[in-house]
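Step one of this worksheet: look at the structure below.
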Number of protein chains: 2
Amino acid sequence: MKGKATSFDIAHLAGVSQSTVSRALRNSPLVKQETIDKVKRIARELNYTVDKNASSLRSQQSQTLALLLFEDPTSDDSNINPFFFSMLASITQACAHEGYDLLVSFQQLSNDFHADYEDSHKADGIILLGYGDDIEYKPKLEALQSQGTRFVRWGPQSQAGLSVSCDNRQGGAQATKHLIDKGHQRIAFVGDASNHYPEFFARYQGYVSALMAHDLPVEPALQHNAITTEEAGYEATKQLLNQGDSFTALFAASDLIAVGALKAIAEKGLKVPQDIAVVGFDDIPVASYTSPPLTTVRQNTKLAGEVLVKSLIAQIRGEEVESTTIATAIVERGSSG
Amino acid sequence: MKGKATSFDIAHLAGVSQSTVSRALRNSPLVKQETIDKVKRIARELNYTVDKNASSLRSQQSQTLALLLFEDPTSDDSNINPFFFSMLASITQACAHEGYDLLVSFQQLSNDFHADYEDSHKADGIILLGYGDDIEYKPKLEALQSQGTRFVRWGPQSQAGLSVSCDNRQGGAQATKHLIDKGHQRIAFVGDASNHYPEFFARYQGYVSALMAHDLPVEPALQHNAITTEEAGYEATKQLLNQGDSFTALFAASDLIAVGALKAIAEKGLKVPQDIAVVGFDDIPVASYTSPPLTTVRQNTKLAGEVLVKSLIAQIRGEEVESTTIATAIVERGSSG
DNA sequence: CTGAAAGCGCTTACAG
DNA sequence: CTGAAAGCGCTTACAG
């Protein structure tokens, strides 16, 4: 046998037609068990595997999902938010579990990021992952949707299409309430609080709601914008510390921001948590290793990956699917006292 | 136009044959520039994209690589060595740069890990990434090779097939020499030093060679096995500290092991680097955040990813390819004084 | 339960 | 420079 065996080779050896081989390999109930067994045995002997290009072409489905991971602020590829790696891992696992292959690609929001995995029939659907400017994002999602592309997005339900996200507002409230329970009254918020980044804005809203629920004032001076990088967190915290408004706790909209905040606080000669308590968001691996270890709001990435994949597959199958919100949980470590 | 446009639709609108459309879209020099322009314009208007399944089936190549990431000790998916994420990122980038798509999958070495991305023509070649027991690994690689599967492996050249790795021996020697230069004479090694894990054994050999080059004795009691996890590093270091042999420095065969070692040392009430200096290997993100920050040997993951991808593509093209070894560099931080 | 036939949408000799 | 034709290896109506 030269080259790769085909279903015709098996048919020939099994003494049946090629159509029967195709059915048998897919466990069609139309085929006699005896025939199935014989066909499969021969297939194994020939080291046969179905040609996915042929079967995908014919059946018009690839059993493949594409994960597009985009990040706009950092164009440096090595600087991907570790939170996304954790999502990537759980998405990969979930795909394997559902019998789908996964295509992975990094994109920049500024480009035409949908590539064309779905148009080209290389994938049956697309998972969108990454924090980007919502305003810039919007037209692209709408274009995807109007083209009939099947996709699911990790993020708030503010936009077109199916989405899965954690309950950012709840998480923000949990973090803030945790600090209030520790006796703090003047709590700074470092992170974007605009409609450009709805997930961070929702965390801010949670922060505000917790303050208000405890009759504490919301002071605009204690909120500083920062995109979700260590550098931005460092700079914003430095400014906060230098502007003279006193505060005894800081809620960072992401762990990356929190790590930068820890650095700025240490440089200022202040102690965490004695002088300033810090809480982050995400529970990235590094959060356990900072000094002190970071109290943070955990996003359930394992569940998130599963829900993303299952929602997308349901959508591909034409089922009715709703967007999902996943609960968050606070993880208490040393940085909050 | 209902459904997805095909090359026939374009042919019709452009008033040329479908073959010409196919050539024009691929910038064939056989086609007049004017025709190319017209075809491409119409394709754009129709939102046309080539059906990858059809073109792969016909041309027998998928322009796709598969990355198989396997890890044996930790079956917990969330516990993937962060070093591999960094490799994954650079491989993903390198694929995009070379015009290949990337299929990602986690595997367990204990399973039949080659899946059959290549047999099924879903990928043109496979990248193998992960530390596994070399002895268990060997027959699988040989099987892959005898089937004619095109693959490249991240790891030492000890086995069948093409491989790319960092110079583990050099790295081990650099780490050890660094400690010796700091005045240390009794240096422990935590990590496997057997033929089961050749990369770690090579690091051990580098350690031994550096000691010998400085006329220092190699004491077997100062080497303890540990697989590359934080727990294993913690346990091995605890044993080392409790067995009574004194040492003033510790070289961990990986950063994960080093992180566990830091914990064991702290628990014993000893200070790093004053009482015991520590050096790791990999430069994972966490290494910058431990207390004190970890001195380590950096593997150039950016270059490694590029070389892996380029070597595999060259092999797919039928070119003659050699295995590659990449230089390491020491990154000095607080843990070594 | 099985077979003969059509066709998925391309690429690529072959012919001009 | 272009076209008509074959064929990649499957799945799936259609017919029996």
Side-chain angles (χ1 to χ4, degrees), chain A residues 1-40 42-43 46-64 116-124, chain B residues 1-40 42-43 46-64 116-124:
Chain A
M1 190 80 46
K2 297 184 53 117
K4 198 176 163 297
T6 71
S7 52
F8 283 94
D9 298 323
I10 299 176
H12 184 74
L13 289 168
V16 296
S17 74
Q18 181 268 340
S19 348
T20 298
V21 170
S22 176
R23 292 195 192 93
L25 291 172
R26 297 152 49 75
N27 293 310
S28 164
L30 292 173
V31 182
K32 207 170 23 172
Q33 189 58 47
E34 193 186 315
T35 312
I36 292 186
D37 294 341
K38 194 208 286 180
V39 164
K40 289 199 168 177
I42 295 172
L46 294 186
N47 244 306
Y48 172 82
T49 45
V50 172
D51 185 302
K52 289 284 176 49
N53 293 131
S55 79
S56 296
L57 173 60
R58 179 55 233 248
S59 64
Q60 297 289 29
Q61 53 168 317
S62 59
Q63 288 288 109
T64 303
D116 41 29
Y117 291 107
E118 211 234 6
D119 294 348
S120 68
H121 289 259
K122 220 168 161 167
D124 298 331
Chain B
M1 189 82 46
K2 301 184 48 120
K4 198 177 163 300
T6 71
S7 52
F8 283 93
D9 298 323
I10 299 177
H12 185 72
L13 288 169
V16 296
S17 73
Q18 182 269 340
S19 350
T20 298
V21 170
S22 176
R23 291 195 192 94
L25 291 171
R26 298 152 47 75
N27 293 312
S28 163
L30 291 173
V31 182
K32 205 169 26 171
Q33 189 59 46
E34 192 187 316
T35 313
I36 293 186
D37 294 340
K38 193 207 289 179
V39 164
K40 288 199 170 176
I42 296 173
L46 294 185
N47 242 308
Y48 172 83
T49 46
V50 172
D51 186 303
K52 289 285 176 48
N53 293 131
S55 79
S56 296
L57 173 60
R58 179 54 233 251
S59 64
Q60 298 288 29
Q61 51 169 322
S62 59
Q63 287 290 106
T64 303
D116 41 31
Y117 292 105
E118 211 236 5
D119 294 349
S120 68
H121 288 236
K122 219 168 162 168
D124 298 331

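Side-chain atoms are counted along with the backbone in the values below, which use heavy atoms only and exclude waters and symmetry mates. Here is the naming used below: chain letters follow the sequence lines, and residue numbers restart at 1 for every chain.
Of all heavy-atom pairs spanning A:H121 and A:S62, the tightest one is O-CB, 3.7 Å. Closest approach of A:L57 to B:D51, counting heavy atoms only: CD1-OD1, 4.3 Å. Residues A:V16 and A:V21 share a closest heavy-atom pair of CG2-CG2, 3.8 Å.
Between A:N53 atom CG and D:dC10 atom P there is a gap of 10 Å when expressed in whole angstrom units. B:H12 has its NE2 atom 18 Å from the C1' atom of C:dG9, to the nearest Å. Atom CD1 of A:I10 and atom C1' of C:dG3 are 17 Å apart (whole Å). Rounded to whole angstrom, the span from the CG atom of A:L57 across to the P atom of D:dG7 amounts to 17 Å. The distance from atom NE2 of A:H121 to atom C1' of C:dC8 is 10 Å, rounded to the nearest whole Å. If you measure from atom CG of B:L25 to atom P of C:dG9, you get 15 Å, rounded to the nearest angstrom. Rounded to an integer number of Å, the gap from B:Q61 CD to C:dC10 P is 16 Å. Look at NZ on A:K122: it is 18 Å from P on C:dG9, rounded to the nearest Å.
OP1 or OP2 of C:dG9 lies within a sub-4.0 Å distance of a side-chain N or O belonging to A:Q60. Between A:T35 and C:dT2 there is a side-chain polar atom (N or O) within less than 4.0 angstrom of OP1 or OP2. For the OP1/OP2 pair of D:dG3 and a distance below 4.0 Å, the side-chain nitrogens and oxygens of B:S17 include at least one atom meeting the criterion. Side-chain nitrogen and oxygen atoms of A:Y48 include none within less than 4.0 Å of the OP1 or OP2 phosphate oxygen of D:dG9. For the OP1/OP2 pair of D:dT2 and a distance below 4.0 Å, the side-chain nitrogens and oxygens of B:T20 include no atom meeting the criterion. Taking 4.0 angstrom as the limit, A:R26 places a side-chain polar atom (N or O) nearer than this to OP1 or OP2 of D:dT11.
With both pairing distances under 3.5 Å, C:dG3 is matched to D:dC14 as a Watson-Crick or G-U wobble pair.
You'll find that the side chain of A:K32 is closest to C:dT2, out of D:dG9, C:dT11, C:dT2. Candidate nucleotides D:dG9, D:dT11, C:dC10 were compared by shortest atom distance to the side chain of B:V50, and C:dC10 ranks first. Candidate nucleotides C:dT12, C:dT11, D:dT12 were compared by shortest atom distance to the side chain of B:S22, and C:dT11 ranks first. Listed nucleotides: C:dC10, D:dC10, C:dG3. Nearest to the side chain of A:R23: C:dG3. Comparing D:dC1, D:dG9, C:dC10 by their closest approach to the side chain of A:R58 singles out D:dG9. Comparing atom distances between the A:S19 side chain and each of D:dG3, D:dT2, C:dA4 picks out C:dA4 as nearest. The nucleotide whose nearest atom lies closest to any side-chain atom of A:F8 is, among C:dC1, D:dC10, C:dT11, D:dC10.
Sequence order on DNA chain C of the closest nucleotides to B:D51 and A:Q18 puts A:Q18 first from the 5' end.
Side-chain polar atoms of B:T64 and B:K52 form no donor-acceptor pair below 3.5 angstrom.
Within the 4.5 Å cutoff, no side-chain heavy atoms of A:Y48 are placed close to those of A:D9. Proximity of A:K40 to A:N27: side-chain heavy atoms (C-beta onward) are separated by under 4.5 Å at one or more points.
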